[in-house]
Amino acid sequence: MKSSELRSAFLSYFNKQGHEIVESSSLVPHDDPTLLFTNAGMNQFKDVFLGREQRSYNRATTSQRCVRAGGKHNDLENVGYTARHHTFFEMLGNFSFGDYFKPDAIKFAWEFLTVELGIPEEKLWVTVYKDDQEAEDIWLKEMKVSPERFSRLGEKDNFWSMGDTGPCGPCSELFYDHGPNVAGDPPGGPNDDGDRYIEIWNMVFMQFNRTADGEMHPLPKPSIDTGMGLERIAAVMQGVHSNYEIDLFQTLLAEAGRLLNCPDTTTASLRVIADHIRSCAFLVADGILPSNDGRGYTLRRIIRRACRHGHKLGAREPFFAQLVPALIEAMGDAANVVAESKDHVMRVLRKEEEQFARTLDKGMKILEDDLANIDGTEIPGKTVFTLYDTYGFPVDLTHDIARERGLTLDMDGYEVCMEEQRNLARAASQFGMDYNDVLKIEGATEFTGYTALEGEEIVKALFRDGQPVESVGAGEKAVIVMERTPFYAESGGQVGDVGLLRTETGTFRVDDTRKESDNHLHHGIVETGEIRVGERLGAMVNAEKRMATARNHSATHLLHAALREVLGDHVQQKGSLVNSERLRFDFSHFEPVSAEQLRQIERIVNEQVRSNTPVKTELMDMDQARAAGAMALFGEKYGDEVRVLSMGTSGFSVELCGGTHVERTGDIGSLVVVAETGIAAGVRRIEALTGEAAQSWYENQEQRIQSVAGLVKGSRESVVSKVQTLVDRNRELEKEIQRLKQKLASAAGTDLVAGAVEVAGIRVLATRLDGVDPKSLRDTVDQLKNKLENGIVMLAAVDGDKVALAAGVTKDLTDRVKAGDLLKMVAEQVGGKGGGRPDFAQGGGSDVQALPAALESVSGWVADKLAS
């Protein structure tokens, strides 16, 4: 029975029993910060079990894709070395939300296995929690399971909890007996960790709520959460012992073996690769990109582990991404999410593999060198750290290599190196005063700046040098806190407002506004007079800067939407800066944005600007915001009530944002992208201008074009063709100069032959040629070798403080003298290095003063070589 048929049979059976078939949720568990990845079928129903969410059904069945490769549930190190550990697997499950309970759950499981799948009853073993008499009676008395194939187990094996407190309950598990030819005792036996009895189905009877005092109170609506690994039951139905022998893996193993020229599909490295392509492809399809932290780093670890195993099998060219089509074929409809973004998935995987390949060989050489010199069986912590910090080897990858060689890692030494790096980073950081420690003010500052840029407020608190004071005078830097303010505090990438605060006794210039706790802190300097706590002051935000900032902030939202439209839904905000001068937007993307794509993004944004549609803001709860399709663009912390910002035609951009914005998109004026760069692996940055800044940029570009047109004696319209003519002419002249240099070098070479000296019957020439570039130097060496017929040449050329070197040896002498050895000897004397073939080598140095002596040493060096 194929895996796809098993998946369909399971869902169909439970659908007939009144269960709603629910699609697999993403591997990224949205709205659950406690999880790195979706790792169980019940994850998407967590709020339903907790009573926080209501569904239109009270019975559900799923085939949920899961990843266990980080955090608490991490099987990564075992993958490839055991029969059943995977980073990615499918969990078949049936769920009851306060509907049926133990009798039906047990009946459904037994009937599906023994009737639908036809598994003999004598091949199944049942376990229950030691205190769950009810479940035991159902199994033994109602289902008539033999007591000889039944065990009671303790809390470790058969009691489930969502956490230290909350829903929990006993479990009942079903094991498959692979037969007496496989080692291992039944569940509960002294050797039950063997492979004979394999768990295939777990039923969680959620019937208690555990409170903080440890008491367990019966739930008013007991529920059912079950799980059966598709890979494990497929092994049973296909008559194999290892999950890697099932159809899902055989297709991948065969393709990996073909790509890597490794016909033995039982090789552990091939199994690692076959497993890892599943998790990596689905993670990328679900929006994760390789990075240096969080989920992205886990993805990077898995990709690099697969690539290292490919390298171990001889791969020297990218291969990993080429497995994606085979994965789609093997998993069929279950891989639709990968199939729909196949090109994107393959590009991301290929890019990461190419990046790691650049350092893999160097890192492996470092490791091999250190392994050759270690005493004992422990790899030093400094080596582990260097591999991670310099060559991008995740620690578990180094551990993988160590395990293959019977070695361990010095993790204490590694942690010492990591802490040293952290201390250096802390020492290099420069932070201003931390007001979290000194700001002890009750209540929050009320922000009035959405609708007004001026107002009269009361000075609530004053700080000078981080300490609370009652007054500040002219020339003193201070921080002012008020009960209400029209000044926007820096948040979500938008800088804080600037402006003036005035009282009857003084004037305060606000240079920045920041937020600490729930208060707005106005940083600045007293320009005149004195400011006192309790005084009433007039607050005036710099309207020009606020408007310019608002233009850039609104444009950032349009830019983000345009990026997703052009590049794909994988684009996510990774950082931003919005001020009155420009906007900067960092986003996830795996390669540079092409010039044509940038033009397309610009056009889309400016079309929305020209539409001049109203910018709408609404307050709503998070559920309403999600229903409206709002995205959390700037990564702020949101409360129960959120601010939803909509702009553009037909809901072009809908985001959660607390910043300040224009009233209509036309107020932005226009947007021009002025830079696009990469700032980290998988993260790009766009910088853009709007409004007057964009207009000034266009005017500046026009001025430059006119200046260039004047220089080439052309018009604005003809400047491109005029410049092209100059470029073409310049190339012709450069080629002519090169030809003349070669002629001069050839002529000089003819004269130089006469200067060759004879060493042990061999003609040796070592001299300096000035005014010759490296290419001409190489040509001259070849000419001199032809003229000498049987000889050795060492030439040098000086350009400023740089020395270019070239060495040549005629073919008949390369078994006695190597050009690379000769060049290395000379280069070291002039503070440089170089290398090449036995008959030719190139290099250079920087010590011009040492060159004469270096050239003089050539004859003696050659004599020693020939003598030896």
Side-chain angles (χ1 to χ4, degrees), residues 39-43 45-46 48-51 58-59 72-73 91 93-114 121-122 124-177 184-194 196-229 232:
N39 58 27
M42 63 82 61
N43 289 163
F45 302 118
K46 183 176 177 180
V48 182
F49 283 125
L50 291 172
N58 53 21
R59 296 184 179 195
K72 178 181 176 182
H73 299 286
M91 185 65 79
N94 60 286
F95 308 90
S96 165
F97 312 118
D99 185 18
Y100 63 83
F101 201 46
K102 293 179 188 179
D104 286 330
I106 290 172
K107 171 180 170 292
F108 290 150
W110 192 253
E111 184 174 272
F112 180 75
L113 292 174
T114 61
E121 293 184 11
E122 61 271 16
L124 297 173
W125 192 287
V126 177
T127 69
V128 297
Y129 180 53
K130 61 182 181 63
D131 297 332
D132 192 355
Q133 187 62 50
E134 181 185 4
E136 178 176 328
D137 289 343
I138 296 170
W139 279 116
L140 298 180
K141 296 178 181 178
E142 295 183 31
M143 306 308 297
K144 307 298 183 184
V145 167
S146 170
E148 295 178 356
R149 300 193 310 278
F150 182 86
S151 301
R152 287 171 173 260
L153 299 180
E155 189 160 335
K156 175 179 175 293
D157 297 293
N158 276 88
F159 197 91
W160 176 90
S161 299
M162 191 174 285
D164 293 335
T165 61
C168 58
C171 306
S172 179
E173 295 178 321
L174 287 160
F175 291 74
Y176 181 80
D177 180 2
D185 288 340
N191 297 311
D192 64 358
D193 57 349
R196 176 172 174 177
Y197 294 88
I198 300 301
E199 177 201 336
I200 58 171
W201 199 319
N202 182 21
M203 284 166 274
V204 176
F205 306 130
M206 241 182 283
Q207 63 185 101
F208 301 111
N209 179 46
R210 181 157 31 205
T211 51
D213 58 7
E215 289 291 317
M216 288 195 291
H217 308 276
L219 289 171
K221 291 185 177 181
S223 298
I224 293 294
D225 161 24
T226 83
M228 177 169 63
R232 292 192 178 195

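Note that these values count all heavy atoms, side chains included, but never hydrogens, waters or copies made by symmetry.
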Checklist entry - Closest approach of Asn94 and Thr226, non-hydrogen atoms and distance? => result OD1-OG1, 2.6 Å
Item to check | Pairs involving residues 124-136, ordered by first then second residue, that meet salt bridge (Lys or Arg N to Asp or Glu O under 4.0 Å) (sequence neighbours left out) | outcome: Lys102-Asp132, Lys102-Glu134, Glu136-Arg152
Checklist outcome for this item: salt bridge (Lys or Arg N to Asp or Glu O under 4.0 Å) filter on Arg149, not counting sequence neighbours, yields none
Checklist entry - Which heavy atom of Trp125 sits nearest a heavy atom of Glu148, and at what distance? => result CH2-O, 3.0 Å
Checklist entry - Who are the salt bridge (Lys or Arg N to Asp or Glu O under 4.0 Å) partners of Arg232, not counting sequence neighbours? => result none
Next on the checklist: Please give me the minimum heavy-atom distance between Cys171 and Asn202, naming the atom from each residue.
Outcome noted: CB-OD1, 3.5 Å
Checklist entry - So which heavy atom on Thr114 is nearest to which on Trp110, and how close? => result OG1-O, 2.6 Å
Checklist outcome for this item: Closest non-hydrogen atoms of Met228 and Phe112, given as atom of the first, atom of the second and distance, are CE-CE2, 3.9 Å
Side-chain atoms of residues 216-225: list all donor-acceptor pairs with protein atoms under 3.5 Å, sequence neighbours left out, distances to 0.1 Å.
unit_1 : atom_1 : unit_2 : atom_2 : d
His217 : NE2    : Thr211 : OG1    : 3.4
Ser223 : OG     : Ser96  : O      : 3.4
Ser223 : OG     : Gly98  : N      : 3.1
Ser223 : OG     : Lys221 : O      : 3.3

Item to check | Tyr129/Phe205 aromatic ring centres below 6.0 Å | outcome: no
Next on the checklist: Can a donor-acceptor pair be found, under 3.5 Å and without considering hydrogens, that links the side chain of Ser151 to the backbone of Gly188?
Outcome noted: no
Checklist entry - Who are the salt bridge (Lys or Arg N to Asp or Glu O under 4.0 Å) partners of Asp185, not counting sequence neighbours? => result none
Checklist entry - If you take all heavy atoms of Ser172 and Val128, which pair is closest and at what distance? => result OG-CG1, 3.8 Å
Item to check | Listed partners of Phe175 passing ring pair (Phe, Tyr, Trp, His ring centres under 6.0 Å), at least two apart | outcome: none
